[in-house]
Amino acid sequence: MSVPTADKALEVDLLETRAVGDPKRKRKSLSFDSVSTGEKVLRYVFLVVMLVVAVGPFLWQFSTSLKGPLEDIYSASLSLIPSQPTIDNYIAVWDAIPVWKYIGNSLLVAALAVGGNVVFTTMAGFAVARMKFAGKGFVIACFMGVLILPGEATIIAQFVTIKNLGLADQLLGVALPGMVGALNVLLMWNAFRIIPKEIDEAAVVDGATVWSRLKDIHLPAVRGTMAVIAIFAFIGAWDDFLWPLIVLTTPDRFTLTIGLQYLAGTFSTNQRIIAAGTMVAFIPIAILFASLQRYFFMGVEEGGVKG
Amino acid sequence: MVQTQAARTRIGRGVAVLAAAGLALGMAACGDGGGGGGSTSGGDGGGDGEITGSITFQTWSLTPTFQDYLDGVIAAFEEAHPGAKVTLQDQPGDGYDQKVLTQAASNSLPDVINLPPDFALPLAKVDMLDNLAESDPGMGDVYVAGGIEAYQFPGLDGTWAYPWYLNTDINYWNTELMTTCGLDPAKLPTTDAELFDQAKTYSENCTDSYLMSRAPGVEDFARAGIEVINAEGTEFTFATPEAAEIVERYVTAYQEGLLPNSVLNDDYLGNSTMFTQGQVAWSTGGAPAYANFTKDNPSLEGKIAINAALDVPSLYVQGVGVSAQSKNIATARAFAQFVTNADNQNAFGKIVSVFPSTIASADDPYFSESDGTVNGDAKVLAFESLSRAKALIPVQFNSSMGTILRQQISLAMRGDIPAADALDAAQKEINQMLADQA
Amino acid sequence: MKAHRWYAPWVLVAPALLWLFVFTIWPSLNTIRLSFTNAKPLGGNFSWVGGANFTRLLDDPPLGRALFNSLFFMVVCLPLLTLLPLLLAVLVEKPLRGIAFFRVAYYTPVIASAVVVGLIWTWLLNDRGIFNTILQSMRVISEPLPFLTERWLIILSAVAVTVWKGLGYYMIIYLAALGNIGKDLHEAASMDGANAVRRFFAVTVPGVRSTMTLIAMLICVAALRVFSEIYVLTGGTGGAGGEAMTLVMLIQRYSGGFEGNLGYAAALSIVLFLVTLVPMGAIAIYNRRQDS
C-alpha cells in the first residue's frame, strides 16, 4: 500500500538532479538494467575465479565421498576424480545412523531458532530504529555490549540454567538460548535505520498506527535483512555441535552434527563415509540458502515504497 | 485493548522467567563451589540392596559398530536380574570431556559411565565416583594389576573404576619406502638408538619422504626411566639432563633434515595420516590400526611390516565407573562388574582387537594365536606386548600441559633455545597449572 | 508528535532484551564474579582471591604476545573483510544467468565446520601443498615456506582462512543493504556519465555506509576472538613456543578440562572485553564524525 504524498517527496529528495516528469527519467528501466556483453563476460570471469577459490577446497571432500573402497584417499598426488565412483558411501551413512531422525531433530531446533530470531529481532530492531523513547540509547548500548561481553567458558552455567528450567535433554532446551542473537538485533536495527524518515512522518500524518506502519511500510522494506537473519539463525542452529551435545543425552534426540560424529567411531573410521556425511549435512543449508537468496536484495524497491 | 492485555501478559511472563532464571543461576553459583552435590553417596543405606530399578549406562563412541554387542550384554544382565533395566546412552567421540564435565557439574552423571583414567581422577577428587575397592574388595583377583593401578590415584585411597579393556601400541613400517630408501625391512629398529640410525640412512637416500615424523613427549622420558612426576603427584620432575639429552637427539635430527617440518606442530591428524599418505615410513598404532590404514589407502596392503614398540610399550586403559550419586547404586555396581567380567570382555576382544583386563582371559588362546593375516599378527604382537606395557603418561598430565611441553620442545628443535632451557620452562609452567588444580 | 503509546517500544524490545539478559548478560556477569575467585569447574576450593588473578596477568609473558597476535590479526582482517565482501556483493548483485548457483557457492565456506576447514587448509598450506608448489615452480622461493610453523606466516595464513570463510558471510549482509540503494541513484549517476568504478565510489559505498560501519565493528569483535583458525592450522599448539597463540587460545588453556582455572580464565576474558572496547569506540567515533 503506497502513500502517495510521501512518494513524490521522496523521489525529488533522492534524485536531486532530475525533476519528476523529466523525459530522460522515464527511460530508466531500460538502459540501466541491460548489461553489455563486454561487462557480462567480465562478470562471468570474475564469478568463476571466485567460484574456484570458494569451492575448490571442498572438491577434495566431495570426491572422497564418492571414492570406492579400493581407491586411495590420501595420495601424494591429488586425485580429484574418483576412478571407481560409487554412492555406496552415502548409503552406508544412512545404514549406520538414523539420518532422517537426526535431520528432523536439527530441523526442529533450526525452525525454533529462525522463528525466534526473525520475530523478536525484527520487533526490537524496529523499536530502536524507528521509535523515539526514553532509554533508547541504553537499549542500543545493551545490544552492542552483549556482542563483546566476556562469554568464554559460560557453557556450563548456561546448561545449568536450561536444566533448572526443566529442559535438559530436550530439543527446546537446545534451541532456547539461540532464539535471539544480539548480532541479528543489530542487523535489523541497521536495516530499519536506512529507511528514510520522511515515509514514517508522512504515514503518521496520514493517521497510520504503529502496527500498520510496521506491516505496510517497514516489514517489506527489510525483507532482505530478514532473509539474512533467517540464514544466520538456521546455520547457527544447524551447525552447532558442542551445545546440543551438552544439553542432550538420549541419542534419539541428537541433532545431525552430533549424529554424524558417530561415523568417526572408536576403532572404526572410514574417511569416505565421513566425507559423505559431511556432504549430507551441507545439502539442507544449500537448499535453504538457494531458496532465500533472491530475497536478499528485495529492499526498499520491492516494498511498495518507491525509492 | 487486546494489545494492552497481551503486552501485560508478556511482560508478566517475562518477569517470572527472569526471576526463575535468577534463582536458578544463584543456585548454580552455589553449586560451583559446593562440591559434588548434596546427596550422600550410595554407601550402605539402600545401596547394598536388590539389583533392580533403572540405571543409565554411558559409553564413549562405541555405537553403531558395537551396538549389537552392547545390547547383548544389557539383555543378559536384565535376564539375570528381573526388575533391573539398563538404558544405553552412547556419546559421540568429540567433546566427551565437556559432556562428562557438564554432567558432573550439574549433578547428573549417569549411573555407570565409561571413563578413561584422566577423567576419573578429577571426578574422584570431588567424590563423584563410587570407591569400588570398598564395595568389591575381591576385585584384585579378577583384574590385572596394571588395569587396577590405572584407576588408583595418589592422595586418594581406593579404586575408582573397573578396568574395561586394554590397548597398547605396536610399530608399523612401510616396507616399500624402506627398501627404496636404503633400509632392510627384515632388520626393523627395536630401540630408539636404532631408529635414529636408520632414519639417518633413510634421509641420505630419500629427501621426499621421512622415516620418523614425531617429536618427543613426556612418554619418551618415562620410557627412558626418568621419573616424570613425584610420588605424591604434586610436582613434575622431568626436566633432567637425561631428558635434555633425549630432546637434543631430536633437535639434531631435525636440524639434519631427518624430520619433516610438521613435527613443530601437533599434526592435526597425527603421523598416522602421513603414514597412510606414504609420506613417512613409520607410525605407531594399536592392533586395529592396520585395518584403518588399508581401509583408507588400499594400496598399502602387503607393504606394511610390524614389530613391537620400541623399548617399553605404552599401556592404555579404558574403564567403567559408578556414580556416587546413583539412585540404584547396587544395580549400578552389579552392572559395572558384569560388563567388565571375563566372559563379556573376551567376547568384546573377539570383535575388535582390544584386550581384556581380566586375569582369566590371559589363557584364552584367541589372543595369542594368529590367523595368519597381518591383522591377526598385529593382534598377537600387541597381546604379547601387554605384559611389558606400562602407563607412560601420568594421569595428571592433561592436554593443556601437553601443549605447553610441545611448544617448548618445538622451540628447541627449531634451534631457538637449548633443550635444557625448554624443559625447564615447560616444567615450571606445567607445575604452576598443577598447583592451581590442587 | 506522539506516534505511539509509551509502552509500545518496550513491548517490542522486551523479548529480545529478556533473552539476551538470561542467556548472555547474566552468564557474563557471572564471569566477572568468577574473576575474583579461584573457582574450578568441579567443586573444590572456591574462595575469593580479590585481585590476585589480575596481578597475575601482569606477570604472564604469553599474555602480552597473545594480545599482540590477536590485535595484529584484527588489524589485517579489518580492511580485507570490510571491502572484499562488498566487491563480491556487487559482483553477484546483477541477476545474470545461473547467479543463484554462484551465490550459494560463495556461501559454502561459511558453513563448513572447523574440522573440515582445518583438514583442507593444513593440506593446502603444508610443505607439499598447492601454495608452496606454485611459489616454488614460479621460482619466487626455493625452500617451501613454513606457513604452519612460523609465527607471522601462521597468522597470515589464519587471516587467509578467515577471509576465505568470511567472504560469503558479510557478502549477504551487504547484498541486503545494496537492495536499499534505489536503482534510480545508479541511474542518475550513469546518466551523469559515471562509469562503473566511479559509480561504485560515488553511489554504492556511501549508500552502504551505515552497514559498513556495523560490519567493521562486527569484524573487530570477531577477529579479536580468533581461535579456531589458528588452533586448527597448528594442531592446537599455536606454533613453536606458542608464538602465534591468540588471547582466546590462552583463555581456553585455562578454562578447558576438568581442572581448569576458571578464575584466571575469567580475568583473561575481561581483558579481552576491555580490549574490544577500543576499536569499537574508535569506529563509533569515526562514524559519528562522518554523520556530522
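Of the possible donor and acceptor atoms, none in the side chain of B/Gln98 sits under 3.5 Å from a partner among the backbone N and O of A/Leu242. No donor-acceptor pair under 3.5 Å is formed between the side chain of B/Gln89 and the backbone N or O of A/Pro251. A donor-acceptor pair under 3.5 Å is formed between the side chain of A/Tyr262 and the backbone N or O of B/Asp90.
The nearest pair of heavy atoms linking B/Gly93 to A/Gln261 is N-OE1, 3.5 Å. Considering all non-hydrogen atoms of both residues, B/Pro298 and A/Pro69 come closest at CG-O, 3.0 Å. When all heavy atoms are compared, the tightest approach of A/Phe241 to B/Asp94 is CZ-O, 3.5 Å. Between A/Arg272 and B/Lys295, the closest heavy-atom pair is NH2-O, 2.8 Å. In terms of heavy atoms, B/Gln91 sits closest to A/Leu245 at OE1-CD1, 4.0 Å.
With a 4.5 angstrom heavy-atom cutoff, A/Leu248 touches chain B only via backbone atoms. Within the 4.5 angstrom heavy-atom criterion, no atom of B/Gln67 approaches chain A. Interface residue A/Thr249: backbone and side-chain heavy atoms are both found under 4.5 Å from chain B. Neither the backbone nor the side chain of B/Ser353 has a heavy atom closer than 4.5 Å to any heavy atom of chain A. Neither the backbone nor the side chain of B/Glu301 comes within less than 4.5 Å of any heavy atom in chain A.
Residue with the most contacts toward chain A among B/Thr56, B/Leu88, B/Val100, B/Thr63: B/Thr63 (heavy-atom pairs, distance under 4.5 Å).
Separating the NZ atom in A/Lys163 from the OG1 atom in B/Thr102 is a distance of 11.5 Å, to the nearest 0.5 Å. If you take OG on B/Ser106 and CD1 on A/Ile162, they are separated by 12.0 Å, rounding to the nearest 0.5 Å.
The local environment of CZ in A/Phe133 is crowded, with over 12 non-hydrogen atoms from other residues, nucleotides or ligands closer than 6.0 Å.
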